[in-house]
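Below is one structure; the comments refer to it alone.
Order of the sequence lines fixes the chain letters, A, B, ..., with proteins taken first and strands second; residue numbering starts at 1 for each chain. Since the model is a prediction, treat every value here as computed from it, not as a measurement.
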There are 2 protein chains.
Amino acid sequence: MDVKSDNRAERVAARTARQDKNLFSRLSATAIASRGQAQRLLKTAAGLSITEWRVLWDLSEAGPLSIQDIATIQRTDHSLISRTLPKMSEKGWVTAIRNCDDKRQFLVELTPSGARALAAAAPTMKRRRDNLAKAFTPRELDTFLHLLDRFEDVLARPVDIEPSLEETA
Amino acid sequence: MDVKSDNRAERVAARTARQDKNLFSRLSATAIASRGQAQRLLKTAAGLSITEWRVLWDLSEAGPLSIQDIATIQRTDHSLISRTLPKMSEKGWVTAIRNCDDKRQFLVELTPSGARALAAAAPTMKRRRDNLAKAFTPRELDTFLHLLDRFEDVLARPVDIEPSLEETA
DNA sequence: AAAAATTACGTGACAAGTCATATAATTTTT
DNA sequence: AAAAATTATATGACTTGTCACGTAATTTTT
């Protein structure tokens, strides 16, 4: 029915607009779009996945690092790093050596080959950051980061879970 | 070696701080933290996954909808919705009926049981949104959303990919 | 010194997210 | 009317991300 499908398009548009103003969904959608862009750029420029790029960059800036170190820097789970490293080792981009001080740990280090893989993607990713720096003043970027700080403060506070209409002790 | 491990802790801290100010990584990390919170809340309050919650909420506010409609509202791939719906149907939360006007499409509708599943989670998720509304003024939220708009404008512009040191026609 | 607790990494399993492809249906072009 | 192009959904396969658990090693407690 014509009228019915007109209604549907309006309902979709209204709901989409509504959710675009819901900061929770909007932040998620924006971050996913950003990640998608990074994935495409890295793939095209250097055949790297996002996690590979992050590991190479972290080792370049702060290496050598343990798996837990890398996971902490990237705010991710150690298992994601743990799974990524063998492949990167196979590609010759990193070496992982047992830490003599603590045999549970590996210390991961960039190789010359890894430095080249990083260098293949670095100009593109720098341009991406430069584009952002051009679009926002330092003050606006500070505001943005501060708002994200405050948003995470809100996340850190517990949200009560109560069954509907029930008052519990 | 003591000195070596002190250095490592400092390098990790410095790198983490640096990446916290890189808007690309920061935005991603913040959005992932937000999603994690939502996942935990929904699981605990109502045994719902994020995608299930989103579908129920969209249908409640704007249903009935096609799979493509839901994907558009959620800014996700239709395949994620396509995979989620059969399970929701099995749980009796939605019905999916062929659209007579276009037999390629299903129109998905909330059932009373689905409305109850939504209701089980809704107070918690509203509280979550209210906590956010208390922490920011309307003007701050507008600023935040506007910065996200401008950030996505930047994403929408192409980033040139050039091989290192090469000038191409 | 021995036992208990904690930590580092590897792996199983699952959810979110995406790209590609196939099939069926609709729309557009010839 | 028929052919070509496009669209809607399903599914394969992959990446990102996370939780849980097991094993080995270290640290803390007794």
Side-chain angles (χ1 to χ4, degrees), chain A residues 5 8 12 24-25 27-44 47-55 65-72 74-89 96-108, chain B residues 5 8-9 12 24-25 27-44 47-55 65-72 74-89 94 96-108:
Chain A
S5 90
R8 227 175 84 220
V12 170
F24 290 111
S25 22
L27 193 66
S28 179
T30 300
I32 286 165
S34 177
R35 181 178 79 192
Q37 185 200 43
Q39 274 172 325
R40 288 186 291 277
L41 289 172
L42 288 166
K43 181 87 175 179
T44 303
L48 291 171
S49 70
I50 279 195
T51 310
E52 289 169 339
W53 158 254
R54 287 171 176 165
V55 170
L65 296 165
S66 72
I67 285 170
Q68 192 61 265
D69 290 338
I70 299 171
T72 296
Q74 295 183 17
R75 291 182 57 176
T76 192
D77 198 79
H78 72 279
S79 60
L80 175 60
I81 311 305
S82 182
R83 285 191 231 270
T84 299
L85 285 181
K87 290 173 281 173
M88 295 182 73
S89 244
I97 318 272
R98 281 285 178 190
N99 184 359
C100 297
D101 296 330
D102 185 338
K103 291 182 176 57
R104 294 172 295 180
Q105 279 189 352
F106 288 100
L107 285 179
V108 190
Chain B
S5 91
R8 228 176 82 222
V12 170
F24 289 112
S25 23
L27 195 66
S28 180
T30 300
I32 287 166
S34 177
R35 182 178 79 189
Q37 186 200 43
Q39 273 173 326
R40 289 187 290 276
L41 289 172
L42 288 166
K43 181 89 174 178
T44 304
L48 291 173
S49 72
I50 280 195
T51 310
E52 288 170 339
W53 159 256
R54 287 172 176 165
V55 170
L65 296 167
S66 71
I67 285 170
Q68 192 61 264
D69 289 339
I70 299 171
T72 296
Q74 296 181 17
R75 288 180 59 176
T76 193
D77 199 79
H78 69 277
S79 59
L80 178 60
I81 309 305
S82 182
R83 286 192 231 271
T84 300
L85 285 180
K87 290 174 279 174
M88 294 180 76
S89 243
V94 299
I97 318 269
R98 282 286 178 187
N99 183 357
C100 297
D101 297 329
D102 185 336
K103 291 181 176 57
R104 295 173 294 182
Q105 277 187 352
F106 286 101
L107 285 178
V108 190

_Atom-to-atom span, CE of B:Met88 to P of D:dT9 - whole angstrom_ = 16 Å

*For B:Thr76 and C:dA16, is the shortest distance between a side-chain N/O and OP1 or OP2 below 4.0 Å?*
no

_Tell me whether the side-chain N/O atoms of B:Ser82 come closer than 4.0 Å to OP1 or OP2 in D:dT9._
no

*A:Asn99 CG to D:dT27 P, straight-line distance once rounded to whole Å*: 11 Å

*Rounded to the nearest 0.5 Å, how far does CD1 of B:Ile70 lie from CG of B:Leu65?*
5.0 Å

_Gap separating the CZ atom of A:Arg35 from the CD1 atom of B:Ile32, nearest 0.5 angstrom_ = 6.5 Å

*Between C1' of D:dT11 and NZ of B:Lys87, the distance in whole Å*: 13 Å

*asked:* Heavy atoms only, 4.0 Å cut-off, all strands: where does B:Arg40 land among base, sugar-phosphate and nothing?
replied: sugar-phosphate

_To the closest 0.5 Å, what do you measure between CG (B:Asp77) and CD1 (B:Ile67)?_
11.5 Å

_So for B:Arg104 and D:dA8, does any side-chain atom that can act as donor or acceptor lie under 3.5 Å from a complementary atom in the base?_
no

*Can you tell me how far C1' of D:dT9 sits from CD1 of B:Ile97, to the nearest Å?*
16 Å

_I need the A:Ile81 CD1 to A:Met88 CE distance, nearest 0.5 Å._
9.0 Å

*Spacing between A:Gln105 atom CD and D:dT23 atom C1', to the nearest angstrom*: 16 Å

_Using a distance-only criterion (donor-acceptor N/O pair, under 3.5 Å, no hydrogens), is the base of D:dG12 paired with the side chain of B:Arg83?_
yes

_Just to be sure I understand the rule, does B:Ile81 reach a base, reach only the sugar-phosphate, or reach nothing, if contact means heavy atoms closer than 4.0 Å?_
nothing

*Could you tell me whether B:Leu80 contacts a base, only the sugar-phosphate backbone, or nothing, with contacts defined as non-hydrogen atoms closer than 4.0 Å?*
base

_Close side-chain approach of B:Arg8 to A:Leu107, heavy-atom, < 4.5 Å_ = yes

*asked:* With nearest nucleotide decided by heavy atoms, which residue, B:Glu52 or A:Pro86, maps closer to the 5′ end of DNA chain C?
replied: A:Pro86

*If you check every side-chain atom of B:His78, which of D:dG17, C:dA20, D:dT16 has the closest atom?*
C:dA20

*Can you tell me the distance, in whole Å, between the CD atom of A:Gln39 and the P atom of C:dC19?*
8 Å

*Which part of the nucleic acid does B:Asp77 contact within heavy-atom distance under 4.0 Å: base, sugar-phosphate only, or nothing?*
base

*With no hydrogens and no angle check, is any side-chain donor or acceptor of A:Ser82 less than 3.5 Å from a backbone partner on A:His78?*
no

_A:Asp102 vs A:Ser49, nearer the 5' end of DNA chain D by closest nucleotide_ = A:Ser49

*Provide, to the nearest angstrom, the distance between the CD1 atom belonging to B:Ile67 and the P atom belonging to D:dT7.*
17 Å

*Is B:Arg75 close to A:Ser25 at the side-chain level, that is, under 4.5 Å between some pair of heavy atoms?*
no

*asked:* Taking any heavy-atom pair under 4.0 Å as a contact, classify A:Ser79: base, sugar-phosphate, or nothing.
replied: base

*With respect to the phosphate group of C:dG17, does any side-chain polar atom (N or O) of B:Arg54 fall under 4.0 Å of OP1 or OP2?*
yes

*Starting at the 5' end of DNA chain C, which residue's closest nucleotide do you reach first, B:Arg98 or A:Ile32?*
A:Ile32

*Nearest to the side chain of B:Lys103, which nucleotide is it out of C:dC9, C:dT26, D:dT9?*
C:dT26

*Does A:Thr72 reach the main-chain N or O of A:Gln68 with its side chain, forming a donor-acceptor pair under 3.5 Å?*
yes

_Nearest 0.5 Å, please: how far is OG in B:Ser34 from CD in B:Gln39?_
10.0 Å

*Which is true for B:Arg35 with a 4.0 Å heavy-atom rule: it touches a base, it touches only sugar-phosphate, or it touches nothing?*
sugar-phosphate

_In whole Å, I'd like the distance from the CZ atom of A:Phe106 to the C1' atom of D:dA25._
12 Å

*Using Watson-Crick and G-U wobble pairs with both distances under 3.5 Å, what is the 5'-to-3' dot-bracket string of DNA chain D, with [ ] for crossing pairs and | for pairs outside the strand?*
||||||||||||||||||||||||||||||

